[in-house]
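Here is the structure we will look at, set down as structure tokens.
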Number of protein chains: 2
Amino acid sequence: MSFYREQDKHYVAVDCIVFGFNEDGLKLLLIKRQMDPFKNHWSLMGGFVKESESIDDAAKRITLSLTGLEQVYLEQLYTFGDINRDPGGRIISVAYYALIKINDSFQEILENNGAHWISVNNIPPLIFDHEQMVDTALNKIRKRCRTQPIGFELLPEKFTIPQLQLLYEAILMHPLDKRNFRKKILEMNLLDKLNEKDRSSSKKGAFYYRFNPEKYKDFTLQGFSFEV
Amino acid sequence: MSFYREQDKHYVAVDCIVFGFNEDGLKLLLIKRQMDPFKNHWSLMGGFVKESESIDDAAKRITLSLTGLEQVYLEQLYTFGDINRDPGGRIISVAYYALIKINDSFQEILENNGAHWISVNNIPPLIFDHEQMVDTALNKIRKRCRTQPIGFELLPEKFTIPQLQLLYEAILMHPLDKRNFRKKILEMNLLDKLNEKDRSSSKKGAFYYRFNPEKYKDFTLQGFSFEV
DNA sequence: ACAAAAGTGTTGTGCGTACACCCATGC
DNA sequence: GCATGGGTGTACGCACAACACTTTTGT
């Protein structure tokens with residue numbers, strides 16, 4: 001055991017790339033940093049890992065404090081460990097990405113944290129290596145959305161097929177054929193059609209769907225191939 | 001800056017999952033641990049990250065000390081951060097996997113380190129969460145070998161198509177059709193055929209190939225789809 | 001009546017998959 | 001001459017990709 005005590009110890013942080021989606025496209029939750037170095041610069045939400053918590057728990061704690069949400073899709077992304085990545089000190093950062101459903105209920109918490117939804121197409125300069133973290137996260141979800149139903153973490157409970165297609169187009173950054181998209185997604189039997197229409201975006205109205213929890217879970221475990 | 005100083009610090013380790021391949025199949029480099037806790041139990045090679053080095057550099061240093069090899073394919077896998085993963089203390093471990101070409105030149109170094117090549121089909125119980133690390137790494141290279149030419153990191157400079165196929169079969173753990181395999185791999189133009197045969201495993205002999213460095217690099221960057 | 005978005009089928013093509021026989025050589 | 005592994009070609013089916021018109025309804 002004494003061998004352990006001779007070793008260097010490090011500050012370990014968690015940084016969270018939080019994605020959301022609404023009618024304006026794919027969004028990222030960014031904050032104005034409240035401390036030096038780089039006070040008032042745009043930054044990802046982060047925090048230090050405590051002795052008494054696992055890294056996963058630290059990531060949960062940090063997203064909870066930022067959004068007030070207990071249950072979010074959260075996944076470890078990559079660990080950034082260059083010596084000088086933070087000019088304020090040698091800090092190892094484990095990046096996580098989160099997918100959350102944007103709604104009004106927690107906008108107040110976000111504002112209190114100085115957090116804002118920023119379009120992924122218009123990301124301002126970020127501190128440290130946070131831009132690299134965002135790029136890594138975007139690449140990850142682009143791959144992931146082809147094999148796992150992560151898209152649905154970002155939509156409200158009830159959503160329409162055109163909405164879902166817009167989400168995929170925003171993630172993949174290219175247009176999809178709506179016939180092929182609808183066919184592919186429906187024949188997975190992942191969605192349950194509701195007897196209700198969303199008329200907010202057209203006169204005809206689009207039927208609402210919601211995902212089937214069992215099928216959803218199956219696909220989360222087994223994956224699928226979504227070559228749209 | 002003073003805010004940083006109030007934070008907890010952690011031991012951070014790197015553990016390396018080192019893969020090799022020879023005529024007996026896919027192998028893993030394991031060591032008999034030389035210190036407590038779990039002295040003499042099977043373990044991955046690991047070490048602590050120093051204040052003065054990046055995590056990547058720590059991984060390089062550790063694989064170098066284990067194998068004596070300067071240039072190995074090394075990639076970060078995942079960071080394991082449960083509080084009690086190591087009963088000897090709270091240690092965060094960043095796992096890396098390495099792919100190396102087995103040859104005689106460094107067997108002596110391996111022996112000095114108490115390291116042994118163990119078939120992935122016959123892995124003994126490992127300390128801590130090292131079995132989970134190995135599983136994660138195996139899943140990673142199974143996915144990876146379908147989109148990136150990582151297989152070639154594991155073969156000697158000159159190799160035959162049947163050898164390459166055996167490697168893929170070992171990684172994917174199922175047999176492949178040799179006609180389809182050969183067709184697919186050759187029409188990538190990734191391999192250069194040599195005017196020389198390997199007669200060690202058959203009377204007819206199999207032509208040697210080596211990979212084309214430019215094509216290899218292209219595929220490393222752009223990926224391919226290897227749906228064998 | 002017209003604008004605007006939702007919804008619907010078919011066809012071609014390329015790719016993966018399955019499959020059986022000849023070749024070269026050492027013994 | 002025979003045993004052993006190396007090497008070769010084809011036919012089928014499926015899934016992706018491309019494509020245009022009708023429906024609904026609010027204004």
Side-chain angles (χ1 to χ4, degrees), chain A residues 22-25 142-143 145-147 155 158-170 172-210 219 222-228, chain B residues 22-25 142-143 145-147 155 158-170 172-210 219 222-228:
Chain A
N22 66 9
E23 59 279 0
D24 300 327
R142 273 174 201 139
K143 278 190 185 164
C145 75
R146 295 179 176 281
T147 61
L155 290 169
K158 297 187 300 185
F159 54 87
T160 66
I161 307 269
Q163 264 181 292
L164 181 60
Q165 183 175 341
L166 284 172
L167 170 59
Y168 270 84
E169 290 176 339
L172 297 172
M173 293 208 303
H174 60 80
L176 302 174
D177 181 281
K178 65 176 174 170
R179 279 170 292 194
N180 295 337
F181 181 84
R182 178 182 292 267
K183 195 193 319 168
K184 185 82 190 265
I185 211 87
L186 285 179
E187 72 194 11
M188 286 184 191
N189 287 322
L190 177 55
L191 302 185
D192 293 339
K193 187 175 183 175
L194 304 184
N195 245 330
E196 192 186 350
K197 278 189 166 184
D198 166 33
R199 298 193 188 273
S200 67
S201 66
S202 84
K203 287 141 192 175
K204 183 176 177 182
F207 279 104
Y208 278 120
Y209 288 78
R210 65 178 164 219
F219 279 126
Q222 300 164 24
F224 52 68
S225 168
F226 197 68
E227 298 294 340
V228 284
Chain B
N22 66 10
E23 58 279 1
D24 300 328
R142 274 174 201 139
K143 279 190 184 163
C145 75
R146 294 178 177 282
T147 61
L155 289 170
K158 298 187 300 186
F159 54 86
T160 66
I161 307 269
Q163 265 180 293
L164 181 59
Q165 183 175 342
L166 284 173
L167 170 59
Y168 270 84
E169 290 176 340
L172 297 172
M173 294 207 305
H174 61 79
L176 302 174
D177 181 281
K178 64 177 176 173
R179 279 170 292 193
N180 296 338
F181 182 84
R182 178 181 292 267
K183 194 196 317 169
K184 185 78 190 267
I185 211 87
L186 286 179
E187 72 194 11
M188 286 185 192
N189 288 321
L190 176 56
L191 301 185
D192 294 339
K193 187 175 185 176
L194 304 184
N195 246 330
E196 193 185 349
K197 278 189 166 183
D198 166 33
R199 299 194 188 273
S200 66
S201 65
S202 84
K203 287 141 193 173
K204 182 177 178 183
F207 278 105
Y208 278 120
Y209 289 78
R210 65 176 162 219
F219 280 126
Q222 299 163 25
F224 52 70
S225 169
F226 198 69
E227 296 294 340
V228 284

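In what follows, every chain begins at residue 1, and chains take the letters A, B, ... in the order their sequences are listed. All values below were derived from every heavy atom in this structure, side-chain atoms included, with hydrogens, water molecules and symmetry-related copies excluded.
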Y168(B) and F226(B) aromatic ring geometry - parallel, tilted or perpendicular at 30°/60° bounds: tilted
Side-chain donor or acceptor of R199(B) paired with backbone N/O of K204(B) under 3.5 Å: yes
Check: Q165(A) side chain, R182(A) main-chain N or O, donor-acceptor pair, under 3.5 Å: no
side-chain contact (heavy atoms from CB on, under 4.5 Å) between F207(B) and T160(B), intermediate numbers included: CA-CA 6 Å; F207(B) 278 105; T160(B) 66; over 6 Å; no
Report the distance from atom [atom1] of [X] to atom [atom2] of [N], rounded to the nearest whole Å.
X       : N       : atom1 : atom2 : result
F224(A) : dA15(D) : CZ    : P     : 16 Å
Y208(A) : dA6(C)  : OH    : P     : 12 Å
Y209(A) : dA6(C)  : OH    : P     : 12 Å
F181(A) : dA18(D) : CZ    : C1'   : 17 Å
Q165(B) : dG5(D)  : CD    : C1'   : 12 Å
Q163(A) : dA5(C)  : CD    : P     : 14 Å
K184(A) : dA18(D) : NZ    : C1'   : 16 Å
L186(B) : dG9(D)  : CG    : P     : 12 Å

Candidate pair F159(B) and L191(B), rule side-chain contact (heavy atoms from CB on, under 4.5 Å), full reasoning: CA-CA 10 Å; F159(B) 54 86; L191(B) 301 185; 3.8 Å; yes
Euclidean distance, S200(A) OG relative to E23(A) CD, rounded to 0.5 Å: 8.5 Å
Heavy atoms only: give me the nearest [X]-[Y] pair and the separation to one decimal.
X       : Y       : result
C145(A) : L172(A) : SG-CD2, 3.8 Å
E196(A) : K158(A) : OE2-NZ, 2.9 Å
F224(A) : M188(A) : CD1-CE, 3.9 Å

Neighbour count above 12 (heavy atom, 6.0 Å) for K143(A) NZ: no
Sugar-phosphate only, base, or nothing, as touched by S201(A) at under 4.0 Å among non-hydrogen atoms: sugar-phosphate
Are there any protein N/O atoms within less than 3.5 Å of an N/O atom in nucleotides 9-14 of chain C, and if so, which ones and at what distance?
residue	atom	partner	partner atom	Å
dT10(C)	O4	K183(A)	NZ	3.2

Inter-axis angle, terminal five-pair segments of the helix from dA1(C)-dT27(D) to dC27(C)-dG1(D) [nearest 10°]: 10°
Y209(A): which of L190(A), L164(A), L186(A) passes side chain to side chain contact (heavy atoms under 4.5 Å, CB included): L186(A)
Letter per nucleotide, 5' to 3', of nucleotides 21-27 of chain D [B base touched, S only sugar-phosphate touched, - untouched; heavy atoms, 4.0 Å]: --BBBS-
